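Only heavy atoms go into these numbers, but all of them, side chains included; no hydrogens, no water, no symmetry mates. Here the structure is a predicted model, which is why all the values come from computation and not from measurement.
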Amino acid sequence: VVAKVGLIRILATVSTMALLGLFVLALPALAAEPSISPITLLAAGDMRGEINPCGCSPEGQLGGLPRRLTYLDEHFGEDPQPLLVDLGNNFPEPSAQGDLKVQLIQRLLRFSKPVAILPGPNELALGVETLSPELPWLISNNALVRNNAPIANDALNPLFQPLVVVSRVDQRIGFFGYLSPEGIYQGSQKNFALLPLSEQMLADWRAVIQREELHQTVLLFRGSAEEAALIAEAQLFDVVLSGNPFADELNQVLQRQAGAQIWPQVPTKGQGVVRLTLAASSSQTLATSSKATPPRAAPRQGPPLGQVDWLSERYADHAEALHAFAEYDEAVKQLFFARLATMEQAKQHSPFVGGAVCAGCHVAAQAVWSGSRHKGALATLVRVGKQFDPECLACHVVGYEREGFLSEDLTPHLPNVQCENCHGPARAHLTDTRVPPGPPPGVPSEAKSNTVPHPTAQSMVAGSKRVPGE
């Protein structure tokens, strides 16, 4: 009996030790959280009509829709697929050529498949009728929307959505958009009425976040410093991306102060893409949580800043964009010839005389000009097939659409960048040297009317190249 009892005890001890060993071996598996791949967020926008680098000088050789599509192709092959958002303000100033650009921009935006686009001042200035309903326009401070649903939903299908929710690797990611009514022309627009930021709006957004059980929240923002500070203080969003209020691409401002936080800001003129990573929550935690609001990451000091990928010559032009641009260039060429017939009548009244006339007295200045890139300004357009593009001609010839250059055949003395581009028309000065070159009172000079940032005169001679960040 004693022997049997001893044997039983030995067997029990061995069994206990075996079970304990299995438990110890199982501990890492029990403790380990499921592996969830990080989610990449890409943000672009603020093209301001700069659909492609001009190709005429190395200082501005960044950006463009053809390169952006190639960049996106490279990243969209990742797993999980990144999410693309756009901060808007992509449209040009209103004009006949601007209308052609709007069609091109929206065509290629549809091809790039963003999850959300915050319209900017340039889009709304042209009226909502110009906006493609096939694009995911996002405004969360629209007075025509209440509680994340349009008023009289059966009668109104709003162009602007108040919230976009996307699922990636078991994560529900909510996108909000705030466009400040300050400085936005609203007029009698029928699809939106922008509301200013308020404590009630922030409370409504918080309720939407809880109701939609969002794991991550992203805000696309375009507003004032005061509005940014209020949003930062509310700590509702894991990521905040700001549109760029500046137009100088040679001095890029890529961060925005928002109260105690710093937010990433997309490069102006569409010259780059902001890339950052969303911190994923555990899908197991979501499944076992009994809270009404899904678990969220611990509070951060501020949203992530990410990094900027500059759209340089490293990215080839995308085939889809090349096809779209070929059609655009042909339409622009037809626009050029349509204008030419009406402009020819002004040929006899032109105030511009051409640099060859100036050279008679200003020999030294003519010698400097002859060694600069300005002398071949029109040739650079010919090389890239833009010699019929009115927006390009405005900077590459003398007095285009200002009673100056018409075409190389009709005005052979006015191609390229010459004296009168900066000093103003010289016909009156030629008649009476006491009258300096320049326009009549109240008329801006060529230099003042040119809104495109130039390189310096020294760089035009030396051919220096400047890239943001250098």
Taking [Y]'s backbone N and O only, do any of them form a donor-acceptor pair with [X]'s side chain (distance below 3.5 Å, no angle check)?
{"X": "Asn122", "Y": "Asn90", "answer": "no"}
{"X": "Trp263", "Y": "Val239", "answer": "no"}
{"X": "Gln61", "Y": "Ser312", "answer": "no"}
{"X": "Ser242", "Y": "Val266", "answer": "no"}
{"X": "Asn142", "Y": "Ala193", "answer": "yes"}

Under-4.0 Å salt bridge between [X] and [Y]:
{"X": "Arg68", "Y": "Asp86", "result": "yes"}
{"X": "Glu327", "Y": "Arg107", "result": "yes"}
{"X": "Arg172", "Y": "Glu212", "result": "yes"}
{"X": "Arg314", "Y": "Glu74", "result": "yes"}
{"X": "Arg48", "Y": "Glu93", "result": "no"}

Using the six-membered ring wherever Trp is involved, compare the ring planes of Tyr328 and Phe325 and label them parallel, tilted or perpendicular (cut-offs 30° and 60°).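 Perpendicular: the ring planes of Tyr328 and Phe325 meet at over 60°.
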Over 60° means perpendicular and under 30° means parallel, so tell me whether Phe336 and Tyr400 are parallel, tilted or perpendicular.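 Correct class here is parallel.
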If you look at every heavy atom in [X] and [Y], which pair is closest and at what distance?
{"X": "Pro92", "Y": "Ile105", "value": "CD-CD1, 4.3 Å"}
{"X": "Arg168", "Y": "Pro82", "value": "NH2-O, 4.0 Å"}
{"X": "Leu202", "Y": "Leu230", "value": "CD1-O, 4.2 Å"}

Which salt bridge (charged side-chain N to carboxylate O under 4.0 Å, His left out) pairs, counting each pair once, include a residue from residues 113-125, with sequence neighbours left out?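 Listed by first then second residue: nothing to list.
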According to salt bridge (charged side-chain N to carboxylate O under 4.0 Å, His left out), does anything in residues 217-232 pair up with another residue at least two apart or in another chain? List the pairs.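 Listed by first then second residue: Asp46-Arg222.
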Could you check if a side-chain atom of [X] sits within less than 4.5 angstrom of a side-chain atom of [Y], using non-hydrogen atoms only?
{"X": "Leu42", "Y": "Leu83", "result": "no"}
{"X": "Arg275", "Y": "Leu41", "result": "no"}
{"X": "Leu393", "Y": "Leu378", "result": "yes"}
{"X": "Asn52", "Y": "Leu65", "result": "no"}

Rounded to the nearest 0.5 Å, how far does [atom2] of [Y] lie from [atom1] of [X]?
{"X": "Asn244", "Y": "Gln271", "atom1": "CG", "atom2": "CD", "answer": "10.5 Å"}
{"X": "Leu214", "Y": "Phe175", "atom1": "CG", "atom2": "CZ", "answer": "10.5 Å"}
{"X": "Gln97", "Y": "Glu391", "atom1": "CD", "atom2": "CD", "answer": "4.0 Å"}
{"X": "Ile209", "Y": "Thr217", "atom1": "CD1", "atom2": "OG1", "answer": "5.0 Å"}
{"X": "Leu276", "Y": "Leu241", "atom1": "CG", "atom2": "CG", "answer": "6.0 Å"}

Within a 6.0 Å radius of atom CD on Gln307, are there more than 12 heavy atoms belonging to other residues, nucleotides or ligands?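 Count over threshold, so yes.
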Could you check, using the six-membered ring where one of them is a Trp, whether Tyr71 and His318 have ring centers closer than 6.0 angstrom?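 They do not qualify: ring centres at least 6.0 Å apart.
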Decide side-chain contact (heavy atoms from CB on, under 4.5 Å) for Ile139 and Asn141; before the verdict, give the C-alpha distance in whole Å, the side-chain angles of both, and the deciding distance to 0.1 Å. CA-CA 6 Å; Ile139 297 180; Asn141 57 312; 3.2 Å; yes
Kindly determine whether Asp309 and His75 satisfy side-chain contact (heavy atoms from CB on, under 4.5 Å), including the steps that lead there. CA-CA 12 Å; Asp309 295 330; His75 285 278; 4.2 Å; yes
Chi angles and distances behind the side-chain contact (heavy atoms from CB on, under 4.5 Å) call for Gln161, Trp137: CA-CA 6 Å; Gln161 297 301 312; Trp137 304 104; over 6 Å; no
